[in-house]
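Below: the structure, in structure tokens.
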Number of protein chains: 2
Amino acid sequence: MKNSLKVERAKKDMTQQDLAERIQVSRQTVNSIEAGKYVPSTVLALKIAKVFDVGVEEIFQLEDGD
Amino acid sequence: MKNSLKVERAKKDMTQQDLAERIQVSRQTVNSIEAGKYVPSTVLALKIAKVFDVGVEEIFQLEDGD
DNA sequence: ACTCAATGTAAAATATACTTTACATTTGGT
DNA sequence: ACCAAATGTAAAGTATATTTTACATTGAGT
């Protein structure tokens with residue numbers, strides 16, 4: 001799975017810390033998700049999508065092998 | 001978080017086993033997600049949404065307290 | 001060059017997502 | 001009523017998501 005988290009953050013001029021506070025997780029969690037270290041829960045994905053006012057699919061995309 | 005998994009399955013006349021095979025998880029995993037026992041990973045949510053040809057938000061909705 | 005905010009990385013601990021196996025209950029068709 | 005498929009439930013084990021703490025590196029402004 002890949003994501004466009006960094007792009008969405010840039011569009012809104014948000015730091016990882018800003019987003020982390022908005023979705024109630026640690027800053028490092030945002031970094032890990034962004035870096036593909038691990039896959040977020042659907043609750044987090046929905047929260048993230050809501051912050052950016054897009055659908056989950058706009059941010060997270062399946063890749064071959066998922 | 002709540003979900004409309006059962007409704008989507010019914011629309012397509014699919015069993016939990018059918019869906020499980022399509023998204024490569026156990027039948028009990030589908031049951032557990034459907035019953036709200038735990039929250040699926042975003043990869044699973046995307047796969048499920050793809051099977052039903054809808055957006056993730058059509059199936060999974062945030063609730064107060066999430 | 002200096003400074004500080006932002007980001008990246010790691011490790012250990014904790015919580016939760018998923019699996020397997022087994023059994024129980026419900027549902028739907030005959 | 002009977003039967004099989006579908007669904008529900010539980011427990012123990014495994015894998016992964018997330019947290020905290022700490023430190024390193026990068027990027028941007030002065």
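Predicted model only: the values in this text are computed from it and were never measured. Every heavy atom of this structure was used, including side-chain atoms; hydrogens, water molecules and symmetry mates were not. Reminder, nothing fancy here: chain letters follow the sequence lines and each chain counts from 1.
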For B:Arg27, is there an ion pair with B:Glu21 - N to carboxylate O distance below 4.0 angstrom? no
Would you list the protein and nucleotides 5-7 of chain C atom pairs, both N or O, that sit under 3.5 Å from each other?
unit_1: C:dT7; atom_1: OP1; unit_2: A:Arg9; atom_2: NH1; d: 2.8
unit_1: C:dT7; atom_1: OP2; unit_2: A:Gln16; atom_2: N; d: 2.8

Minimum heavy-atom separation for A:Ile33 and A:Pro40, please, with both atom names. CD1-CB, 3.7 Å
Might you point out which heavy atoms bring B:Val39 and B:Met1 nearest each other, and give the distance in Å? CG1-CE, 3.7 Å
Verify the contact: side-chain N or O of A:Ser26 to OP1 or OP2 of D:dT19, cut-off strictly under 4.0 Å; return yes or no. yes
Let me confirm one number: the CZ-CD distance from B:Arg22 to B:Gln17, rounded to the nearest 0.5 Å. 13.0 Å
I need the CD-P distance between B:Gln24 and C:dC18, as an integer number of Å. 14 Å
Let me know the distance between CG of B:Leu19 and C1' of D:dT7, rounded to the nearest Å. 14 Å
Residues 44-58 of chain A side chain polar contacts: donor-acceptor under 3.5 Å, at least two apart:
unit_1: A:Lys47; atom_1: NZ; unit_2: A:Gln24; atom_2: OE1; d: 3.3
unit_1: A:Lys47; atom_1: NZ; unit_2: B:Asp66; atom_2: O; d: 2.8
unit_1: A:Glu57; atom_1: OE2; unit_2: B:Val56; atom_2: N; d: 3.0

A:Leu19/A:Thr15 under side-chain contact (heavy atoms from CB on, under 4.5 Å): CA gap, chis, key distance, verdict: CA-CA 6 Å; A:Leu19 177 57; A:Thr15 64; over 6 Å; no
Check nucleotides 13-17 of chain C against the protein and report each pair of N or O atoms closer than 3.5 Å, with its distance, or say if there are none.
unit_1: C:dA17; atom_1: OP1; unit_2: B:Val39; atom_2: N; d: 3.3
unit_1: C:dA17; atom_1: O5'; unit_2: B:Val39; atom_2: O; d: 3.3

Return yes if a side-chain donor-acceptor contact under 3.5 Å exists between B:Thr29 and B:Ser26, otherwise no. yes
If you go through the side-chain atoms of A:Gln28, does one of them form a donor-acceptor pair with the base of D:dT21 closer than 3.5 Å? yes
